[in-house]
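All remarks here apply to the structure that follows.
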Amino acid sequence: WLTAGRGVLTLGHILTGEVEDRLTRREQAEKLLRKFIRDETLAAFPVVVVEEDFSQAIKALLQCHGIGGVRPNTVLLGWSEDPDRQGTFCETLRLSKGFHRSILIVKCDEEKDRWTAPAGTVDIWWRGPKHGALAVLMAHLLVQSHEWRRRQIRILCTLPPKGDSENMALELQELLGKARIEAGVHVFITDDPVWEIAKQTGESAVLFSDFTPPEEGEEKEFVDSIASLAQIPIDMILVYNTGDVSLEA
């Protein structure tokens with residue numbers, strides 16, 4: 001669904017260690033990736049990178065991987081609850097940002113059937129145009145796929161008390177009109193945005209929201225901010241836009 005048949009998708013796998021000691025494992029890992037892609041009928045390419053250091057492997061993947069002159073512009077990662085991996089995870093986010101890649105983080109219940117599209121709306125928590133533009137585009141691509149077709153897209157915006165909800169709704173509707181994307185617009189006045197979004201998305205299929213990769217030394221604050229979203233008990237896709245995507249383009 002990420003490309004809706006209009007882009008190129010690559011599944012990457014990283015092995016750490018000496019290259020000479022991992023050649024056999026690299027070949028096996030690539031075969032497993034190819035089998036997974038074939039079994040799940042995914043339109044994707046496999047790539048396996050071997051490096052002594054994980055960060056160096058990420059750099060190699062971001063710099064060198066591509067098909068012809070085409071280079072990836074978006075990195076998709078799964079969120080990990082393992083505290084031992086969070087430092088490496090945050091470093092990966094910084095590297096991706098440094099290489100001017102947009103980022104998607106999937107945060108979901110791993111016990112659910114990942115290959116069955118759940119019922120409900122596809123929601124976007126709109127907190128501004130910078131990252132919201134990419135979130136809207138991703139939601140639009142999602143509902144173009146066969147499994148998610150006919151799902152309704154909703155734009156959910158929270159404003160503080162005394163916020164101008166009518167003007168905000170008009171601005172969002174105008175922006176969607178320019179982008180030719182169909183979506184419902186809902187603006188809520190609240191002093192507790194997370195609670196309000198949790199209430200409004202109780203029966204939704206997925207929620208897109210935004211984030212900003214942490215600077216060095218800000219890892220704990222970043223992890224805590226993601227943990228606070230646990231009040232919203234549905235699958236989420238967190239979006240960071242490098243600025244290349246605009247709904248007005």
Using the rule that Ile, Leu, Val, Met, Phe, Trp and Tyr join whenever any side-chain heavy atoms are under 4.5 Å apart, tell me whether [X] and [Y] fall into a single cluster.
{"X": "L15", "Y": "L23", "answer": "yes"}
{"X": "L142", "Y": "V106", "answer": "yes"}
{"X": "I189", "Y": "L172", "answer": "yes"}
{"X": "V48", "Y": "L42", "answer": "yes"}

Quick one: does [X]'s side chain get under 4.5 Å of [Y]'s, heavy atoms only?
{"X": "P46", "Y": "I37", "result": "yes"}
{"X": "V194", "Y": "I232", "result": "yes"}
{"X": "D210", "Y": "L238", "result": "no"}

Let me see the working for L207 and D235 under side-chain contact (heavy atoms from CB on, under 4.5 Å), right down to the final yes or no. CA-CA 6 Å; L207 174 67; D235 291 345; over 6 Å; no
Using a 3.5 Å distance criterion without hydrogens, assess whether the side chain of [X] forms a donor-acceptor pair with backbone atoms of [Y].
{"X": "N241", "Y": "K130", "result": "yes"}
{"X": "R101", "Y": "L62", "result": "yes"}
{"X": "R34", "Y": "A29", "result": "no"}
{"X": "R149", "Y": "Q144", "result": "yes"}
{"X": "T74", "Y": "S102", "result": "no"}

Quick one: pull up [atom1] in [X] and [atom2] in [Y] and give me the separation to the nearest 0.5 Å.
{"X": "S80", "Y": "K107", "atom1": "OG", "atom2": "NZ", "answer": "11.0 Å"}
{"X": "T201", "Y": "I234", "atom1": "OG1", "atom2": "CD1", "answer": "4.0 Å"}
{"X": "L61", "Y": "Q56", "atom1": "CG", "atom2": "CD", "answer": "13.0 Å"}
{"X": "I181", "Y": "L137", "atom1": "CD1", "atom2": "CG", "answer": "6.0 Å"}
{"X": "K59", "Y": "E51", "atom1": "NZ", "atom2": "CD", "answer": "10.0 Å"}
{"X": "I197", "Y": "H186", "atom1": "CD1", "atom2": "NE2", "answer": "11.0 Å"}

Can you check side-chain contact (heavy atoms from CB on, under 4.5 Å) on L175 and V136, steps first, answer last? CA-CA 11 Å; L175 191 61; V136 171; over 6 Å; no
Could you tell me whether the side chains of [X] and [Y] share a donor-acceptor contact shorter than 3.5 Å?
{"X": "W125", "Y": "T158", "value": "yes"}
{"X": "S209", "Y": "R127", "value": "yes"}
{"X": "N167", "Y": "E171", "value": "yes"}
{"X": "T121", "Y": "S204", "value": "yes"}
{"X": "Q200", "Y": "E196", "value": "yes"}

Quick one: side-chain hydrogen bond (donor to acceptor under 3.5 Å, both in side chains) partners of R26, sequence neighbours excluded? E30
Non-neighbouring partners of D84 that pass side-chain hydrogen bond (donor to acceptor under 3.5 Å, both in side chains), sequence neighbours left out: none
Between F89 and W79, what is the ring plane arrangement, given parallel below 30°, perpendicular above 60°, and tilted in between?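 Ring orientation, 0 to 90° scale: perpendicular.
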For [X] and [Y], which heavy atoms make the closest approach, and how far apart are they?
{"X": "L93", "Y": "P214", "result": "CD1-CD, 4.1 Å"}
{"X": "Y240", "Y": "T212", "result": "CD1-CA, 4.2 Å"}
{"X": "L11", "Y": "A44", "result": "CG-CB, 4.2 Å"}
{"X": "I14", "Y": "A57", "result": "CG2-CB, 3.5 Å"}
{"X": "T92", "Y": "L77", "result": "CG2-CD1, 4.1 Å"}
{"X": "I103", "Y": "S96", "result": "CD1-CB, 3.7 Å"}

Show the atom names and distances, to 0.1 Å, of all donor-acceptor pairs under 3.5 Å that link a side chain in residues 219-227 to residues at least two apart or in another chain.
{"from": "E219", "atom 1": "OE1", "to": "G217", "atom 2": "N", "distance (Å)": "3.0"}
{"from": "E219", "atom 1": "OE2", "to": "R94", "atom 2": "NH1", "distance (Å)": "3.0"}
{"from": "E219", "atom 1": "OE2", "to": "R94", "atom 2": "NH2", "distance (Å)": "3.2"}
{"from": "E219", "atom 1": "OE2", "to": "G217", "atom 2": "N", "distance (Å)": "3.4"}
{"from": "K220", "atom 1": "NZ", "to": "D224", "atom 2": "OD2", "distance (Å)": "2.8"}
{"from": "S225", "atom 1": "OG", "to": "F222", "atom 2": "O", "distance (Å)": "2.6"}

Applying the side chain to side chain contact (heavy atoms under 4.5 Å, CB included) test to F208, which of L156, L104, I124 qualifies?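 Testing each of L156, L104, I124 against F208, the sole residue satisfying side chain to side chain contact (heavy atoms under 4.5 Å, CB included) is I124.
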If you apply the rule salt bridge (charged side-chain N to carboxylate O under 4.0 Å, His left out), what do you find for E215 with K97, and how did you get there? CA-CA 10 Å; E215 299 294 336; K97 176 184 177 182; 3.5 Å; yes
As a quick check of understanding, evaluate side-chain contact (heavy atoms from CB on, under 4.5 Å) for Q173 and M168, giving each step before the final call. CA-CA 9 Å; Q173 288 165 353; M168 175 58 72; over 6 Å; no
Could you go through V122 and W148, starting from their C-alpha distance and side-chain angles, then the distance that decides it, and tell me whether this counts as side-chain contact (heavy atoms from CB on, under 4.5 Å)? CA-CA 9 Å; V122 174; W148 289 81; 3.9 Å; yes
